[in-house]
Amino acid sequence: MGETADMSVRVRFSPAPTGSLHVGSARTALFNFLFARHHGGTFVLRIEDTDRARSKDEWVVGIQDTLRWLGLDWDEGPVLQSDRFAEYLAAAADLLERGLAYECFCTPEEIKERNDAAMADGRSPGYDGRCRDLGDEERAAFAAEGRSRSLRFRTPDEGTSRFVDEIRGEVTVEWASVHDFVILRADDSPIFFLANAVDDIAMGITHVIRGEDLLDSTHRVLALREALGGGSQQSFAHLPLILGTDRAKLSKRHGAVALEEFRDAGYLPEAVCNYLALLGWSPDDGREVMALDEVVEAFTIAGVTHAAAAFDHAKLDWMNGEWIRRLTLDELAARARPLAEVRFGDRLDEDLFLAGLRIGQERAVTIGALLDQMDFLFVPDDEFEIGAESWEVLAATDRVDVVLGAVEEHVAGIEWDGAPVDLRDLLKAGEFKPRKVMPAIYAAIEGRHAGLPVFDAIALLGREKTLVRLRAARARLAK
RNA sequence: GCCCCCAUCGUCCAGUGGCCCAGGACGCCGCCCUUUCAAGGCGGUAACGGGGAUUCGAAUUCCCCUGGGGGCACCA
C-alpha cells in the first residue's frame, strides 16, 4: 500500500542441509521471501552446513530444487558456511584473545554427567562454568593430559538482555539464566551461533525472520554479534511454530511434512505457498485464495500471528482444488505430465490424458488423486481389475446383472460416434435409481465405484474395451 | 527442575474499549443441483480457558491461575 521500496532490506533463509525441506522451514523461507519482495530488498540463501557429520550434498541440491519449485527464488547465494570456516576461526581467535571467550576442557561426557546430577538434585542443567577462570598452568596441565579443547563464549553474569521482536514486541531474559555456550568445537569447526553471527554481519543481514524455536537463542546471538563489533541494528521476527492438529509437534504421524511429498502427490506450489502464507498471517481484507504476488503486495511482518498454528491437511486440500480449478487445461496438463509419465510410462496416451484431465479437473483435489481416477484409461484389459471395496459395492447392488446387461446391450447396439454415451434413458426405462446403480456401473467400467463421469469414460475407453469390462464383471458375478 | 513465548468456533484467521448476545474460511451437518463421487449454490452447528482488577462499558488493558508450545547440545 504505497510503501516505499527499501532497497537496504536484506534477509536470508538459512537451512541446515540435514534433510528434505520441512513445512516449517518452507514457511520460514516463504516469509523471508515475502518480506524481501514486499520491501524490494534482497533475499539471500545461506546453507548452514557447519555440522559436517549431518550435512549432505544431496540435501543442499534438494532444498534448492524445492525452493525453486515453490517459486521462492533468491537473489544471492547459495553461500555455503563450509566454505567460510577460516572466517569463523578468525572471529573465534579474536574473541579468545580479548577474553570474551575461553578454552573449555570439559568433555561432552563430563558435562552430561554434571547436568544429570544437577537435574537429579533439582537444579537447572546448563554449563556450570568450570573452565571459566582457569589459570595458565591449569590449561597447560589439561592440554598436557591430551584433553580436547573447545571454545566457549562468556555470557554476562548479571543484568537483563532485551531486544524488540518485530512480531512480539520486547522480549527479555536475565543473563544469569543464560549459560556460557560453545562456539568452536574441539575439532575447530564452528557452532551455529558463531557462524550465524559472523555471516549476518558479513552479509549485512538487516532482518532475521525465523522460527520461534530460536527465540531464546537470540540473546546469545545478539551478545556474540556485539562482541564481534556487529552493532545491534538488526531486527528480529520470530514466526509462530507449526504444529499438528493435535497441538503436538508436527511429524509424519500427521501426514506429509516434507515439501517433496506434497510435490509428488500433486499439490500445486501455488496452493502450498498460499496455504502456508495463511498459516500465521492474513491480509486486511480477508482474502484467502491469493497468488504469490498478491501476498507479496499485502504482506506485513507486524501482521503475523503470535500463537502456534496447526497444519490442517483438509484445508490445504481445499486450497489445492481451488488452484487446480484456476488452471487452464494446458497448464494443468503441463503440471500433471511429469507425474503421469512416472505413473503410466509408455502407456500414457496424450489424447486420453488431456481428455481425462478435462473431465476430471472440476472435481480434483490433487493431481495424484486425479491420475488415480484416470488409471482405467491406460491399463491393458488383462491387467484391469476392480478394487476390492468397489467390487463389494457392485456385488451388493440390487439387480446388478440386469443393469450391467442393459448397459452392455446399449453400448453394443448404439451407433458409435465417439460422443459421450448417455445412459439416463436406459436407467429410466428399467426403473433404476441412478444413485443406487451408478456406482456398480462405475466399478465395472472404471474399476472404482466413484470416478470420472462414466458417460465420457465410455466414449474415451471405446466400445470394445467397455464391452470387455462389462462382460468380465458379469461373468465374475455369475460365479 | 529453571527460563522464554503464547491463549477467540474442531482447525486457520478477523477483532486492537462501545459498531460483537463476536465475523470470514476449512471441516462437519442439512437442502438444492446432479450419471457415481465430487465440484457448485443455499442454510445450519460451533469459540472469547478460569478468577480478580481498571472502566459508565471489556474478546480487546493489568494481575494471578490454568493450559499449550519452545528453550536449557562440542544440532541448527
Side-chain angles (χ1 to χ4, degrees), chain A residues 14-18 48-51 53-55 104 106-108 111-112 115 118-127 148-152 165 168 171-174 176-179 181-187 189 191-193 195-196 210-219 238 240-241 243 245 247-249 275 278-289 305-319 321 325 360-365 373 393 420-424 427 434-443 446 448-457:
Chain A
S14 42
T18 54
E48 307 219 323
D49 56 349
T50 52
D51 183 344
R54 297 200 306 153
S55 299
C104 175
C106 300
T107 64
I111 290 172
K112 182 170 188 313
N115 275 340
M119 294 266 255
D121 254 27
R123 288 177 290 120
S124 296
Y127 188 64
S148 64
R149 172 241 75 193
S150 63
L151 228 56
R152 268 179 202 280
D165 186 277
R168 292 151 212 284
V171 179
T172 64
V173 70
E174 294 307 312
S177 69
V178 183
H179 305 103
F181 56 96
V182 172
I183 54 176
L184 208 61
R185 296 185 182 87
D187 66 0
S189 64
I191 287 293
F192 142 82
F193 297 111
N196 208 272
R210 30 142 57 164
E212 195 192 339
D213 53 333
L214 294 170
L215 187 65
D216 289 307
S217 74
T218 304
H219 300 93
H238 290 90
L241 262 23
L243 310 174
T245 315
R247 304 254 110 208
K249 187 176 179 204
Y275 177 70
L278 259 31
L279 218 46
W281 176 85
S282 65
D284 293 336
D285 55 18
R287 274 175 297 165
E288 298 231 2
V289 181
T305 300
H306 297 187
F311 189 91
D312 185 1
H313 286 266
K315 186 152 185 176
L316 205 214
D317 283 350
W318 165 77
M319 183 75 82
R325 253 148 250 131
Q361 181 175 22
E362 70 173 295
R363 76 199 62 244
V365 173
Q373 292 192 319
V393 170
V421 179
D422 195 328
L423 301 174
R424 281 175 295 188
L427 295 180
R435 298 178 66 93
K436 293 284 187 192
V437 303
M438 286 306 292
I441 298 173
Y442 274 79
E446 302 188 26
R448 47 178 65 221
H449 60 286
L452 299 181
V454 79
F455 297 177
D456 297 272

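The sequence lines fix the lettering, A, B, ..., with proteins before strands; numbering per chain opens at 1.
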Sub-3.5 Å pairs of nitrogen or oxygen atoms, protein against nucleotides 41-50 of chain B:
none

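- Among residues two or more places apart in sequence or in another chain, the side-chain hydrogen bond (donor to acceptor under 3.5 Å, both in side chains) test is passed with Asp285(A) by Arg287(A).
- Atoms CG (Leu278(A)) and P (C12(B)) sit 12 Å apart, rounded to a whole Å.
- Contact annotation: the side chain of Phe311(A) never approaches that of Thr245(A) to less than 4.5 Å [non-hydrogen atoms, C-beta and beyond].
- Distance noted for atom C1' between U36(B) and C13(B): 35 Å (whole Å).
- Across all strands shown, A38(B) has no partner, as no Watson-Crick or G-U wobble contact with both distances under 3.5 Å is found.
- Following rounding to the nearest Å, Leu243(A) (CG) and C12(B) (C1') show an atom-to-atom distance of 12 Å.
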Counting primed atoms plus P, OP1 and OP2 as sugar-phosphate and everything else as base, spell out the protein contacts along nucleotides 71-76 of chain B at 4.0 Å heavy-atom distance: B, S or - for each nucleotide, 5' to 3'. SBSBBB
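- Within 4.0 Å (heavy atoms only), Gly321(A) reaches no atom of the nucleic acid at all.
- Cation-pi geometry between Arg448(A) and Tyr442(A) is not met: the NZ or CZ atom fails to fall both under 6.0 Å from the ring centre and inside 45° of the normal.
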Can you build the contact string for nucleotides 25-37 of chain B? Use B for base contact, S for sugar-phosphate-only contact, and - for no protein heavy atom under 4.0 Å. BS--------BBB
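- Ser177(A) contributes no side-chain N or O that, together with a main-chain N or O of Val173(A), makes up a donor-acceptor pair within less than 3.5 Å.
- Under 3.5 Å, the side chains of His179(A) and Ser124(A) contain no donor-acceptor pair of N or O atoms.
- Partners of Gln361(A) by side-chain hydrogen bond (donor to acceptor under 3.5 Å, both in side chains), not counting sequence neighbours: none found.
- With P as the reference atom, C5(B) and C63(B) are 12 Å apart, rounded to whole Å.
- A distance of about 25 Å separates the P atoms of A25(B) and U34(B), rounded to the whole Å.
- Across every non-hydrogen atom of Lys315(A) and Glu288(A), the tightest pair is NZ-OE1, 3.0 Å.
- Atom CZ in Arg448(A) sits about 14 Å away from atom P in A38(B), given to the nearest Å.
- Within the 4.5 Å cutoff, the side chain of His449(A) has no heavy atoms near those of the Met438(A) side chain.
- The side chain to side chain contact (heavy atoms under 4.5 Å, CB included) search around Arg54(A) returns Thr18(A), Asp51(A), not counting sequence neighbours.
- Side-chain atoms of Arg152(A) do not come within 3.5 Å of backbone N or O of Cys104(A) as any donor-acceptor pair.
- Residues Phe193(A) and Phe181(A) are in side-chain contact: their nearest non-hydrogen atoms beyond the backbone lie under 4.5 Å apart.
- Rounded to the nearest Å, the gap between the P atom of G10(B) and that of C48(B) is 9 Å.
- The separation between Trp281(A) atom CH2 and C13(B) atom P is 12 Å, rounded to whole Å.
- Note: NE2 (His306(A)) to C1' (C4(B)) measures 15 Å, nearest angstrom.
- Spacing between U8(B) and G50(B) at atom P, rounded to whole Å, works out to 12 Å.
- Heavy atoms of Ser189(A) sit nowhere under 4.0 angstrom from any nucleic acid atom.
- With a 4.5 Å cut-off on side-chain heavy atoms, Ser150(A) and Arg185(A) do not count as touching.
- Rounding to whole angstrom units, CG of residue Asp284(A) and C1' of G15(B) are separated by 12 Å.
- Contacts of Leu279(A) with the nucleic acid, taken as non-hydrogen atoms under 4.0 Å apart, involve only primed sugar atoms and P, OP1 or OP2.
- Leu215(A) places its CG atom 6 Å from the C1' atom of C4(B), with the value rounded to the nearest Å.
- Rounded to whole Å, the C1' atom of C72(B) lies 41 Å from the corresponding atom of G24(B).
- Counting heavy atoms from C-beta outward, Arg168(A) and Pro240(A) have side chains that approach closer than 4.5 Å.
- Of the nucleotides present, C29(B) is the one that pairs with G43(B) by Watson-Crick or G-U wobble criteria, both distances under 3.5 Å.
- Nucleotides A39(B) and C26(B), compared at atom C1', are 16 Å apart to the nearest Å.
- Put simply, CZ on Arg247(A) is 11 Å from P on G68(B), counting in whole angstrom units.
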